2 protein chains.
Amino acid sequence: MKAANKHTKIIHAATKVFAKKGFFNARISDIAKEAKVADGTIYLYFNNKFDILISVFEEEIGALIEQVKKLLSTEDDPRKMIEIFARNHLSVMKKNKYLAEVIQIELRQSAKLIKDYRNNKFSEYVDIISSIIKLGQERSIYRATIRPGIAKRAFFGALDEISRVWTVGISTEYSVEEATQQILEIFLCGILEPDASLI
Amino acid sequence: MKAANKHTKIIHAATKVFAKKGFFNARISDIAKEAKVADGTIYLYFNNKFDILISVFEEEIGALIEQVKKLLSTEDDPRKMIEIFARNHLSVMKKNKYLAEVIQIELRQSAKLIKDYRNNKFSEYVDIISSIIKLGQERSIYRATIRPGIAKRAFFGALDEISRVWTVGISTEYSVEEATQQILEIFLCGILEPDASLI
DNA sequence: AAATAGTGAATGGCTATTCATTCATTGTAT
DNA sequence: ATACAATGAATGAATAGCCATTCACTATTT
């Protein structure tokens, strides 16, 4: 029978192979081997190679959204919420390096790879940041001069670039906690020395 | 004669084609056509397709480094220096969309594309940020608790993600000035309302 | 008339996708 | 209980098309 978990098995295998080789260098036979199925079997579950990539985005990021939304639902303070988002993102990326790689690299070219595919799931994920910022502004906790649409990009971009350290073989290492603390310090307080207006 | 400017012509053509189609979908014949030379001519100036991409990185980012270093050399205040870096980066990326696209997308996969190619030029560029931060720390203008190695990533990642708005066809638009101002507000002061410790 | 630069059609290697066939499971008839 | 279909999942070798690179040839310079 067409086991539902074979679909999932292929998705996970594809995530790994895409991460390691990149979409174009990934061979269908690599994915098949990784998933321990025959090449042809993949076409029983997916229409083509692009379809596999899209499914990886939708399903893996979908799960990420579920997870962070659940965590956020227990918190009300926008400062804590932004912290939860950052810590969760960084720890998932550190733990799931294959997913990290796919988001950082393949997702970015997806618009070019696949005609008329909009990354709705991805936008939905990043928009969580702007909604937290808006909430904070309503409560006068975050500055009204901050534009949520720009700040969400700045925040996500910062998290994304910071987490790249764990995917490529860069020597400098730091922990999720350290990275989270730094990101929060920068975004909440800025990098200026509080009494630097002197000089 | 082996005109030096034919080399440059090919580099610019390649930047454009790589930006539009991505490295793997770019055909040598596309680049040749764009540069108005024969397919074979490209191999008189470059060893192979990868070599073209590497040259694009080295030469285009090399020029970017020259430019920003020159601008920075006239300034001494680390706060202004970080501003100069941000404004310059954003305005170059808004103006030169092909280069922006190549940096944002192709550069990221270069490690995977090309065995043992380290993006020295790119690291050199991003390291300008950490050196500005260190300078600021020495003068007690930037907090000592900020780790320059992490902050440079956060700052560059923020700039990079913000400038993506100009490359992909996203509806929301903002100017270089607006983006620069927001980035500086966030990084220098943070997003917290100054007297938000209330609540 | 050398020497050098440029050309573009032909080659050769590579791989996504297909599809004829096999295999496993379930149902039906004896 | 055993034999026999029927169904549809799984397989993987064969196909068909694509494109980086080469190279025999032409054009241009010195």
Side-chain angles (χ1 to χ4, degrees), chain A residues 1-58 102 105-106 109-117, chain B residues 1-58 102 105-106 109-117:
Chain A
M1 79 242 70
K2 219 171 161 180
N5 74 340
K6 198 158 278 194
H7 174 98
T8 312
K9 234 170 114 184
I10 295 171
I11 288 286
H12 290 327
T15 306
K16 186 168 176 180
V17 174
F18 288 151
K20 281 189 175 171
K21 304 196 157 195
F23 180 77
F24 285 104
N25 288 321
R27 302 297 142 226
I28 290 292
S29 56
D30 296 334
I31 298 172
K33 188 185 283 181
E34 181 71 38
K36 287 173 185 151
V37 298
D39 294 14
T41 305
I42 291 188
Y43 290 87
L44 297 174
Y45 294 87
F46 302 92
N47 297 326
N48 51 47
K49 201 178 165 187
F50 289 138
D51 190 32
I52 306 174
L53 186 63
I54 291 178
S55 302
V56 166
F57 293 154
E58 298 283 325
V102 169
I105 299 182
E106 308 308 321
Q109 32 173 358
S110 66
K112 226 179 309 181
L113 297 186
I114 308 155
K115 279 259 185 298
D116 42 67
Y117 167 64
Chain B
M1 80 243 71
K2 218 171 162 182
N5 74 340
K6 198 159 281 194
H7 174 98
T8 312
K9 234 169 114 184
I10 295 171
I11 288 284
H12 290 327
T15 306
K16 186 168 175 180
V17 174
F18 287 151
K20 281 190 176 172
K21 304 195 157 195
F23 180 77
F24 285 104
N25 287 321
R27 304 294 142 229
I28 291 291
S29 56
D30 296 334
I31 298 172
K33 189 183 284 182
E34 181 71 39
K36 287 172 185 151
V37 297
D39 294 14
T41 304
I42 291 190
Y43 290 86
L44 297 175
Y45 295 86
F46 300 92
N47 297 326
N48 51 46
K49 202 177 165 187
F50 290 138
D51 190 33
I52 305 175
L53 187 63
I54 291 178
S55 302
V56 166
F57 293 153
E58 299 284 323
V102 169
I105 300 183
E106 308 308 322
Q109 32 173 358
S110 65
K112 226 178 312 181
L113 297 186
I114 308 154
K115 280 258 186 298
D116 41 67
Y117 167 64

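Numbers restart at 1 for each chain; the letters A, B, ... are given by sequence-line order, proteins then strands. Only this structure's heavy atoms are used, side chains among them; waters, hydrogens and symmetry mates stay out. The structure displayed is predicted, hence computed values, not measured ones.
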Within the pair Tyr45(A) and dA9(D), is there a side-chain N or O less than 4.0 Å away from OP1 or OP2? no
Can you check each nucleotide of nucleotides 14-21 of chain D against protein heavy atoms at under 4.0 Å and return B for base, S for sugar-phosphate only, - for none, in 5' to 3' order? -----SSB
Inter- and intrachain pairs under salt bridge (Lys or Arg N to Asp or Glu O under 4.0 Å), touching residues 32-51 of chain A, at least two apart: Lys16(A)-Glu34(A)
Separation of atom NZ in Lys6(B) from atom P in dT4(C), rounded to whole Å: 17 Å
Run the ring pair (Phe, Tyr, Trp, His ring centres under 6.0 Å) test against Phe57(A) and tell me which residues pass, sequence neighbours left out. none
Once the angle between the rings of Phe50(B) and Phe23(B) is folded into 0 to 90°, is it parallel (under 30°), tilted (30 to 60°) or perpendicular (over 60°)? parallel
Whole-Å gap separating C1' (dT15(C)) and CD1 (Ile31(A)): 12 Å
Kindly write out the residues that satisfy side-chain contact (heavy atoms from CB on, under 4.5 Å) with Ile54(A), not counting sequence neighbours, or none if the list is empty. Glu58(A), Ile114(A), Tyr117(A)
Qualifying side-chain hydrogen bond (donor to acceptor under 3.5 Å, both in side chains) pairs with a residue from residues 17-29 of chain A, counting only residues at least two apart or across chains: Lys21(A)-Asp30(A)
Once ring pair (Phe, Tyr, Trp, His ring centres under 6.0 Å) is applied, do any residues pair with Tyr43(B), and if so which ones, sequence neighbours excluded? none
Measure from CZ on Phe46(A) to P on dA10(D) and round the result to the nearest Å. 12 Å
Can you identify which nucleotide, out of dG6(C), dT7(C), dA9(D), has its nearest atom closest to the Leu44(A) side chain? dA9(D)
Within this structure, what is the NZ-to-C1' distance between Lys33(A) and dT15(C), rounded to whole angstrom? 14 Å
